[in-house]
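Take a look at the structure below.
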Amino acid sequence: MNVFSTIKELIVEAINAEVSVGGLPSGLKTGAVTAELPRDASHGDISTNAAMVLAKPAQMKPRYVAEKIVGRLLVADGIVSAEIAGPGFINIRLEPSRWQGVVREVLKAGVTFGDSNLGQDSLVNVEYVSANPTGPLHVGHARGAVFGDALAALLSKAGYAVTKEYYINDAGAQVDSLARALHFRYLEALGEKTPEDFAAAAEAGEVEYAGEYLKGVAKALADRDGDKWLGADTEGRLAPIRAFAIDAMMDMIRDDLAMLGIVQEVFTSERSLVDAGRVDVAIDDLEKEGLVYTGVLEPPKGKKPDDWEARPQLLFKASEFGDDIDRPFKKSDGSWTYFASDVAYHRDKFDRGFSEMIDVWGADHGGYVKRMQAGVKALSAGKGTLHVKLCQLVRLFDNGEPVRMSKRTGKFVTLRDLIDAVGKDVVRFIMLTRKNDAQLDFDFAKVTEKSRDNPVFYVQYAHARIHSVFRHATEVLAGKDLSDSSLAQADLSLCSDPDELAVMRSIASWPRTIETAALAHEPHRIAFYLYDLAAQLHGLWNRGNDDAEMRFLLADEPERSLARLALIRSVAVVIASGLDVFGVEPVKEMR
RNA sequence: GGACCCGUAGCUCAACUGGAUAGAGCACUCGCCUUCUAAGCGAGAUGUUGCAGGUUCAAGUCCUGCCGGGUCCA
């Protein structure tokens, strides 16, 4: 139970008490009542909108309602003052001991401080990356990968039972094309073709996936099968070579993800769903609901209907579920559309018990969102929810200069390049410093800079500073027990400076930050929270430069020193806990 | 033509999902190292939240219509 929910309960109790004596009308809903840190610290410790929310349903003036509530709050335990301000806010001040108690809580709970039961163990499926198995991951994938992973960790900290999943698009034309490219490289490995032949074919558009990475795979294939596929006809060799290629690509992708510290639990193959007839079943069931019909779509407006032909096809009534038009389930050749197999896939997730699904996609799939959400509504009879988080693109810079990428030559910046250049932790943190639907600039020079401008460095520095103090503390306070459990016994009433109390308030709002970030699906809020907390720590540290009394370690005041150590140790714990959600290692020393 | 996302200080971005006087960093000016890492800290200045309406006690946030940028459209 964190301070804010405790106070909110006090407020609700106060309201109910007034209701019971007839001071307020009965039947008031307190769901919209909040208890939060006011933006301006001079407004007190905690402020509530209770009076303004209740004024209308109670048919009373906000300030009148506020007076009723304030009268009750003033006699409540731990509340120093409660004042009415502005249009009807109630500003509450708490006993310092309330905040000081938070430090003890953190020291006892460790990095589990901030854990919440908000999700009540309900199942959530987070699907992310899901890159086509046709090559190594590149920068664009990195953002979705890190975002999805952090969101999963965040939800899990907020009490949801999270499954991290990857959908393998191994049934489309791309993997056939991959198989052709691998076959070419295989011929090259056997000496039947030259690299020049390959380059020429790639230039002519006859073969895709010109990156070097298939060479090793081709060699492995040749080692395993020898010249088995040399004379085989196209039909005969396609499936086995494709399977070999997909396995190799998925191994590579898993390695790439592992470098980022990402391990997903479930990998679902599109082909396996198709082969098992799951698409037929899913569409059949929709058909039974009367949601599938054969019809003719209007041509897209404003586009030249050059190759447009009005043709009857199998359609899904997406427009009944919020989409703009109905969507085709079958292509002209009679095979399922991607949408059809995606419906089957989401049906599969729903059948596995996930009524809440989160898909992390690149922004270029934005046009697909409504259709998929319509599909999920239909296949789950309205019981399933699909949230789609679109990640905008990442622009790479080096010292302000854009880094050019070319997919055509196969020389795009890979995830590996990125990690090799700046390290896993920097990649992860920086990718989370922006809202997912905002474009992100990644500057190689800036993200490794050692300055306040670089949030990774700044937060890590705060953590390292705290450990530095503890290294010195073993000398200054020789013989004292500096363990967390011992520090939890420190006399925290000795930490009563306004700046120290402000740090405690920030720490106290960590559980709330987790909950609001989880509800909003916005891990970036944690990055900003950590940055602010780091700033407070650096500020407190520097108070010691101006005023020796404010230094954390005072040789002649061991009790006060222990209290301050307890405080900054709790800051370190919260920073570590935040970085843990991000999958970033907190450092104990800057090098 | 339509759909989705974005538009906040000179620049890069926040704003606790509707709360009080819209905040940080960079850049600019000034101050702080005999000290636990100055790789840092403090102070000053910066706004018609793209434009116009609407909803209400309260709008950067929600609704409508425009303008500009991006993405997508069998």
Side-chain angles (χ1 to χ4, degrees), chain A residues 4 32 34 36-40 42-43 47-49 51-53 55-56 61-63 85-89 91 296-303 305 307-311 313 315 323-325 327-328 331-332 337 339 362-371 388 390 392-393 433-441 443 446 449-455 457-458 460-462 464-473 475-476 509 512-513 515-517 519-520 522 524-525 527-529 531-532 535 537-546 548 551-554 561 564-565 568 589-591:
Chain A
F4 298 92
T34 60
E36 48 195 22
L37 276 185
R39 202 174 270 168
D40 187 339
S42 70
H43 288 140
S47 90
T48 176
N49 62 354
M52 291 178 294
V53 173
K56 196 161 194 186
K61 289 187 175 158
R63 293 189 74 98
F89 286 100
N91 292 329
V296 179
L297 284 177
E298 297 285 311
K301 285 169 188 165
K303 261 194 139 187
D307 55 342
W308 173 267
E309 44 174 315
R311 133 175 90 69
Q313 53 188 342
L315 297 174
D323 200 359
D324 307 305
I325 57 167
R327 302 294 180 178
K331 294 189 270 192
S332 52
T337 55
F339 178 53
D364 53 344
H365 292 84
Y368 207 69
V369 175
K370 278 192 185 176
R371 169 181 335 190
V388 179
L390 296 177
Q392 281 290 345
L393 56 107
T433 53
R434 291 285 175 267
K435 221 178 299 185
N436 59 291
D437 48 15
Q439 191 169 275
L440 184 138
D441 291 349
D443 192 311
K446 266 216 164 126
E449 196 175 272
K450 293 171 176 175
S451 78
R452 184 166 186 171
D453 206 13
N454 176 5
F457 163 77
Y458 192 67
Q460 290 282 30
Y461 188 24
R465 264 199 159 156
I466 294 165
H467 277 86
S468 160
V469 175
F470 273 81
R471 284 193 291 273
H472 282 266
E475 295 165 24
V476 179
S509 62
R512 260 180 65 86
T513 303
E515 291 185 353
T516 52
L519 283 172
E522 290 184 349
H524 78 276
R525 292 188 189 204
F528 285 93
Y529 171 87
Y531 187 79
D532 287 344
L537 189 277
H538 290 307
L540 210 49
W541 166 291
N542 268 80
R543 287 279 302 277
N545 284 342
D546 304 330
R551 293 168 64 81
F552 298 139
L553 299 176
L554 302 167
S561 301
R564 287 178 176 169
L565 284 176
I568 63 172
E589 223 173 332
M590 305 303 288
R591 293 183 187 277

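The chains referred to below are lettered A, B, ... by the order of the sequence lines, with proteins before strands, and numbering in each begins at 1.
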*With stacking defined as ring centroids separated by under 5.5 Å and planes differing by under 30°, is A:His43 stacked against B:A20?*
yes

Could you tell me whether the phosphate oxygens of [N], OP1 or OP2, come under 4.0 Å of any side-chain nitrogen or oxygen in [X]?
{"X": "A:His538", "N": "B:G25", "answer": "no"}
{"X": "A:Trp541", "N": "B:A38", "answer": "yes"}
{"X": "A:Arg465", "N": "B:A38", "answer": "yes"}
{"X": "A:Lys331", "N": "B:A74", "answer": "no"}
{"X": "A:Arg452", "N": "B:C41", "answer": "yes"}
{"X": "A:Tyr461", "N": "B:C36", "answer": "no"}

Nearest 0.5 Å, what's the [atom1]-[atom2] distance between [X] and [Y]?
{"X": "A:Arg525", "Y": "A:Leu519", "atom1": "CZ", "atom2": "CG", "value": "9.0 Å"}
{"X": "A:Lys446", "Y": "A:Phe457", "atom1": "NZ", "atom2": "CZ", "value": "15.0 Å"}
{"X": "A:Asp532", "Y": "A:Leu537", "atom1": "CG", "atom2": "CG", "value": "12.5 Å"}
{"X": "A:Arg564", "Y": "A:Leu554", "atom1": "CZ", "atom2": "CG", "value": "5.5 Å"}
{"X": "A:Gln460", "Y": "A:Lys450", "atom1": "CD", "atom2": "NZ", "value": "12.0 Å"}

Indicate, with a heavy-atom threshold strictly under 4.0 Å, whether [X] touches base, sugar-phosphate, or nothing.
{"X": "A:Ala520", "value": "base"}
{"X": "A:Glu589", "value": "base"}
{"X": "A:Phe552", "value": "base"}
{"X": "A:Ser47", "value": "base"}
{"X": "A:Arg327", "value": "nothing"}
{"X": "A:Asp443", "value": "nothing"}
{"X": "A:Phe470", "value": "nothing"}
{"X": "A:Leu37", "value": "base"}
{"X": "A:Arg525", "value": "base"}
{"X": "A:Tyr531", "value": "sugar-phosphate"}
{"X": "A:Ala85", "value": "base"}

Can you check the [X] [atom1] to [N] [atom2] distance for me, whole Å?
{"X": "A:Leu540", "N": "B:G40", "atom1": "CG", "atom2": "P", "result": "17 Å"}
{"X": "A:His472", "N": "B:C36", "atom1": "NE2", "atom2": "C1'", "result": "5 Å"}
{"X": "A:Glu36", "N": "B:G18", "atom1": "CD", "atom2": "P", "result": "11 Å"}
{"X": "A:Glu515", "N": "B:C16", "atom1": "CD", "atom2": "P", "result": "16 Å"}
{"X": "A:Asp453", "N": "B:A39", "atom1": "CG", "atom2": "C1'", "result": "13 Å"}
{"X": "A:Asp323", "N": "B:A74", "atom1": "CG", "atom2": "P", "result": "13 Å"}
{"X": "A:Phe528", "N": "B:C16", "atom1": "CZ", "atom2": "C1'", "result": "13 Å"}
{"X": "A:Ile466", "N": "B:G40", "atom1": "CD1", "atom2": "C1'", "result": "14 Å"}

_Conformer about C1'-N of B:C13 - syn within 90° of 0, anti elsewhere_ = anti

_Give me syn or anti for B:U17, where syn covers glycosidic angles within 90 degrees of 0._
syn

Atom [atom1], compared across [N] and [M]: separation rounded to whole Å:
{"N": "B:C51", "M": "B:A43", "atom1": "C1'", "answer": "37 Å"}
{"N": "B:C63", "M": "B:C11", "atom1": "C1'", "answer": "33 Å"}
{"N": "B:C33", "M": "B:C28", "atom1": "C1'", "answer": "23 Å"}
{"N": "B:U49", "M": "B:U71", "atom1": "P", "answer": "29 Å"}
{"N": "B:A52", "M": "B:A59", "atom1": "C1'", "answer": "15 Å"}
{"N": "B:C72", "M": "B:G25", "atom1": "P", "answer": "37 Å"}
{"N": "B:C41", "M": "B:U64", "atom1": "P", "answer": "44 Å"}
{"N": "B:C4", "M": "B:G10", "atom1": "C1'", "answer": "31 Å"}

_Go nucleotide by nucleotide along RNA chain B from the 5' end; which of A:His365 and A:Phe89 gets its closest nucleotide reached first?_
A:Phe89

*Identify, between A:Arg551 and A:Asp324, the residue whose nearest nucleotide on RNA chain B lies closer to the 5' end.*
A:Asp324

With the side chain counted from C-beta on, respond yes when [X] and [Y] share a heavy-atom pair under 4.5 Å apart, and no when they do not.
{"X": "A:Leu553", "Y": "A:Arg551", "value": "no"}
{"X": "A:Leu540", "Y": "A:Phe552", "value": "yes"}
{"X": "A:Leu297", "Y": "A:Pro328", "value": "yes"}
{"X": "A:Gln392", "Y": "A:Arg434", "value": "no"}

*Check every atom of B:C72, B:A20, B:G40 against the side chain of A:Asp364 and return the nucleotide holding the closest atom.*
B:C72

Between [X] and [Y] (side chain of the first, backbone of the second, donor and acceptor by atom type, cut-off under 3.5 Å), is there such a pair?
{"X": "A:Thr34", "Y": "A:Thr48", "result": "no"}
{"X": "A:Arg63", "Y": "A:Gly86", "result": "yes"}
{"X": "A:Ser47", "Y": "A:Asn91", "result": "no"}

*Whether A:Phe339 and A:Tyr368 hold their rings parallel, tilted or perpendicular, with breakpoints at 30° and 60°*: perpendicular

*Relative to each other, are the rings of A:Phe470 and A:His467 parallel, tilted or perpendicular (30° and 60° limits)?*
tilted

Would you tabulate the pairs of protein nitrogen or oxygen atoms and nucleotide nitrogen or oxygen atoms of nucleotides 29-34 of chain B closer than 3.5 angstrom?
none

*Does A:Asn91 make a side-chain donor-acceptor contact with the base of B:A20, cut-off 3.5 Å?*
yes

*If you take atom types as modelled and just measure distance, does the side chain of A:Ser332 reach the base of B:A74 with a donor-acceptor pair under 3.5 Å?*
no

*Represent RNA chain B in dot-bracket notation, 5' to 3'. Only Watson-Crick or G-U wobble pairs with both distances under 3.5 Å count; pseudoknot-style crossings use [ ] and interstrand partners use |.*
(((((((..((((.....[...)))).(((((.......))))).....(((((..]....)))))))))))).

*Are A:His538 and A:Tyr458 close enough that their ring centers fall under 6.0 Å?*
yes

Is there any protein nitrogen or oxygen under 3.5 Å from a nitrogen or oxygen in nucleotides 54-62 of chain B, and what are the pairs?
from	atom 1	to	atom 2	distance (Å)
B:C57	OP1	A:Lys56	NZ	3.2

*For A:His365, does the NE2 atom sit with more than 12 other heavy atoms under 6.0 Å from it, leaving out its own atoms?*
no

